[in-house]
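Excluded from the calculations below are hydrogen atoms, water molecules and symmetry mates; all remaining heavy atoms, backbone and side chain alike, are included.
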Amino acid sequence: MDIQLLKVFSATAKEGSISKAAQKLNFAQSNVTHKIQQLEADLQTQLFYRHNRGITLTPSGQILVSYAEKILHVIQEARSAVVDSKVPTGPLSIGSMETTAAVRLPVLLAKYHADYPAVDFNLVTGPTERHIHGVLHYELNGAFVAGPVDHPELEQENVTDEELVLVTAASHPPIDSIHEVQSRTLLVFQNGCSYRAKFNQMLQDEGIVPVKLMEFGSLETIIGCVGAGLGISLLPRSIVIEQEQQGQIRTHAIPSKHSLVTTVFIRRKDALMTPALSAFLAEMRAHFS
């Protein structure tokens with residue numbers, strides 16, 4: 001099986017479009033189409049349905065996607081494994097929840113960069129669900145996510161515990177009962193965020209149906225809008241300590257059974273332990289010990 005054909009197939013499946021795959025690979029569309037046809041002829045099966053809206057994976061194509069990911073990843077691992085160097089070099093992609101990246105990682109990342117400048121480090125922020133997907137599909141070497149994560153292909157280790165609190169405008173009176181939030185607009189991250197899931201679970205457990213949810217894409221926007229009185233949110237206390245001390249917002253404790261969330265670092269069990277990843281894990285453990 002031609003590796004180049006697999007690369008084209010994988011990119012096309014990921015992009016969901018021949019034209020987008022061609023752009024990503026810097027190929028002509030006709031070249032992408034020809035290579036997919038070559039792969040289909042080699043495997044003697046159709047990999048994509050062609051229709052007016054573009055392309056869709058066939059059942060055979062869906063099966064091949066997971067194999068292609070593994071094959072291409074193993075090839076990259078082989079290249080890394082034969083490089084005779086104990087000095088951490090090359091790419092290292094790490095995912096993180098935005099809240100963890102904002103408060104817990106800057107000192108760690110600064111030290112790692114100073115100690116290993118030859119590593120091409122890339123930090124990707126986003127929700128827990130997206131990072132789990134990224135690690136499973138070899139797009140990330142590891143990620144800081146909300147735990148616990150129960151998946152047979154992943155290893156996890158505890159990093160730190162966070163206390164979740166309700167965050168309101170500074171002028172908001174004390175919240176004595178969680179039921180007081182029912183009439184307020186709730187400001188949350190997009191679907192896939194572990195804190196939003198925790199918020200939803202807490203409300204469900206208390207029999208509360210929120211009046212209105214507003215989604216935001218960044219931590220700074222949520223904190224700013226909370227401070228302006230637009231609504232309330234559920235965030236780690238460590239994230240908003242400075243804003244509370246400055247009188248911009250106010251925090252309120254929630255029932256202890258809902259308040260604790262553990263941040264874990266996940267990585268694939270079958271992933272190659274490169275010098276860059278090994279050095280990162282060592283510095284991570286020292287930083288959070």
Side-chain angles (χ1 to χ4, degrees), residues 95-107 123-133 143-149 158-265 288:
S96 174
M97 297 178 290
E98 186 175 356
T99 49
T100 301
V103 174
R104 304 294 186 184
L105 299 187
V107 173
L123 181 69
V124 180
T125 59
T128 287
E129 285 186 10
R130 187 185 305 163
H131 290 326
I132 292 175
H133 180 275
F144 295 94
V145 300
V149 176
N158 292 356
V159 173
T160 186
D161 292 328
E162 298 285 2
E163 179 196 3
L164 299 179
V165 292
L166 288 173
V167 185
T168 68
S171 59
H172 196 287
I175 296 178
D176 298 320
S177 169
I178 191 64
H179 288 269
E180 294 178 32
V181 311
Q182 184 158 1
S183 61
R184 302 300 310 276
T185 299
L186 308 184
L187 311 186
V188 297
F189 288 106
Q190 297 172 350
N191 277 325
C193 170
S194 56
Y195 301 140
R196 175 173 177 170
K198 191 83 170 178
F199 207 172
N200 288 340
Q201 186 61 56
M202 179 177 68
L203 296 179
Q204 289 178 16
D205 290 350
E206 300 294 333
I208 298 172
V209 179
V211 173
K212 186 174 184 179
L213 288 175
M214 295 183 69
E215 290 188 355
F216 294 88
S218 74
L219 175 63
E220 292 80 6
T221 304
I222 288 181
I223 294 176
C225 289
V226 166
L230 180 61
I232 66 175
S233 190
L234 184 73
L235 295 170
R237 185 184 293 276
S238 61
I239 294 294
V240 294
I241 287 177
E242 183 176 347
Q243 289 86 349
E244 184 170 35
Q245 291 174 343
Q246 294 173 353
Q248 300 175 24
I249 53 93
R250 183 174 189 173
T251 63
H252 311 260
I254 61 174
S256 58
K257 63 180 179 179
H258 300 296
S259 64
L260 188 66
V261 61
T262 300
T263 300
V264 300
F265 185 81
F288 286 107

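Taking the side chain as every heavy atom from C-beta outward, R104 and F288 approach each other to under 4.5 Å. Using a 4.5 Å heavy-atom threshold, the side chains of E220 and E98 count as touching. A heavy-atom distance below 4.5 Å is found between the side chains of V149 and V264. The shortest side-chain heavy-atom distance between P127 and F189 does not fall under the 4.5 Å cut-off. Between R237 and E162, the closest side-chain pair of non-hydrogen atoms is not below 4.5 Å. Between M214 and L230 there is a side-chain heavy-atom pair separated by less than 4.5 Å. For the pair L260/E163, no side-chain contact is recorded, criterion being any heavy-atom separation below 4.5 Å from C-beta on. At a threshold of 4.5 Å between non-hydrogen side-chain atoms, the residues L235 and I223 count as touching.
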Test T160 against T262 for side-chain contact (heavy atoms from CB on, under 4.5 Å), laying out the working first. CA-CA 6 Å; T160 186; T262 300; over 6 Å; no
Given Q201 and D205, is the side-chain hydrogen bond (donor to acceptor under 3.5 Å, both in side chains) satisfied, shown in steps? CA-CA 6 Å; Q201 186 61 56; D205 290 350; 2.8 Å; yes
Assess the residue pair V188 and C193 against the criterion (side-chain contact (heavy atoms from CB on, under 4.5 Å)); give the C-alpha distance rounded to whole Å, side-chain angles, the decisive distance to 0.1 Å, and a yes or no. CA-CA 8 Å; V188 297; C193 170; over 6 Å; no
Go through the steps for F144 and V159 under the test side-chain contact (heavy atoms from CB on, under 4.5 Å), then give the verdict. CA-CA 8 Å; F144 295 94; V159 173; 4.0 Å; yes
For a side-chain hydrogen bond (donor to acceptor under 3.5 Å, both in side chains) check, start with the C-alpha distance between Q248 and E244, then their side-chain angles and the critical distance, and finish with the verdict. CA-CA 6 Å; Q248 300 175 24; E244 184 170 35; over 6 Å; no
Under the side-chain contact (heavy atoms from CB on, under 4.5 Å) criterion, do S194 and V145 qualify, and how do the steps go? CA-CA 8 Å; S194 56; V145 300; over 6 Å; no
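The shortest non-hydrogen separation linking D176 to E180 is N-OE2, 3.0 Å. When every heavy atom of G227 is checked against every heavy atom of A169, the shortest pair comes out as O-CB, 3.9 Å. A146 approaches T128 most closely through the heavy-atom pair N-OG1, 3.2 Å. Across all non-hydrogen atoms, the minimal contact from P174 to R250 is CG-NH2, 3.3 Å. Among all heavy-atom pairs drawn from Q190 and E215, the shortest one is CG-OE1, 3.8 Å.
With values rounded to the nearest 0.5 angstrom, S259 atom OG is found 7.0 Å from L164 atom CG. Here T99 contributes atom OG1 and I222 contributes atom CD1; the two are 10.0 Å apart, rounded to the nearest 0.5 Å. Summarising the geometry, atom CD1 belonging to I254 is positioned 7.5 Å from atom NZ belonging to K198; distances are rounded to the nearest 0.5 Å. Distance check: N200 CG to I208 CD1 gives 11.5 Å after rounding to the nearest 0.5 Å. Interatomic distance, S233 OG to F216 CZ, rounded to the nearest 0.5 Å: 9.0 Å. In this structure, T168 OG1 and L187 CG are separated by 11.0 Å, a value rounded to the nearest 0.5 Å.
A donor-acceptor contact shorter than 3.5 Å is absent between the side chain of R184 and the backbone of I232. Within the 3.5 Å criterion, the main-chain N or O of S96 finds a donor-acceptor partner in the side chain of H131.
Of the N and O atoms on the side chains of T221 and S218, at least one donor lies less than 3.5 Å from an acceptor on the other residue.
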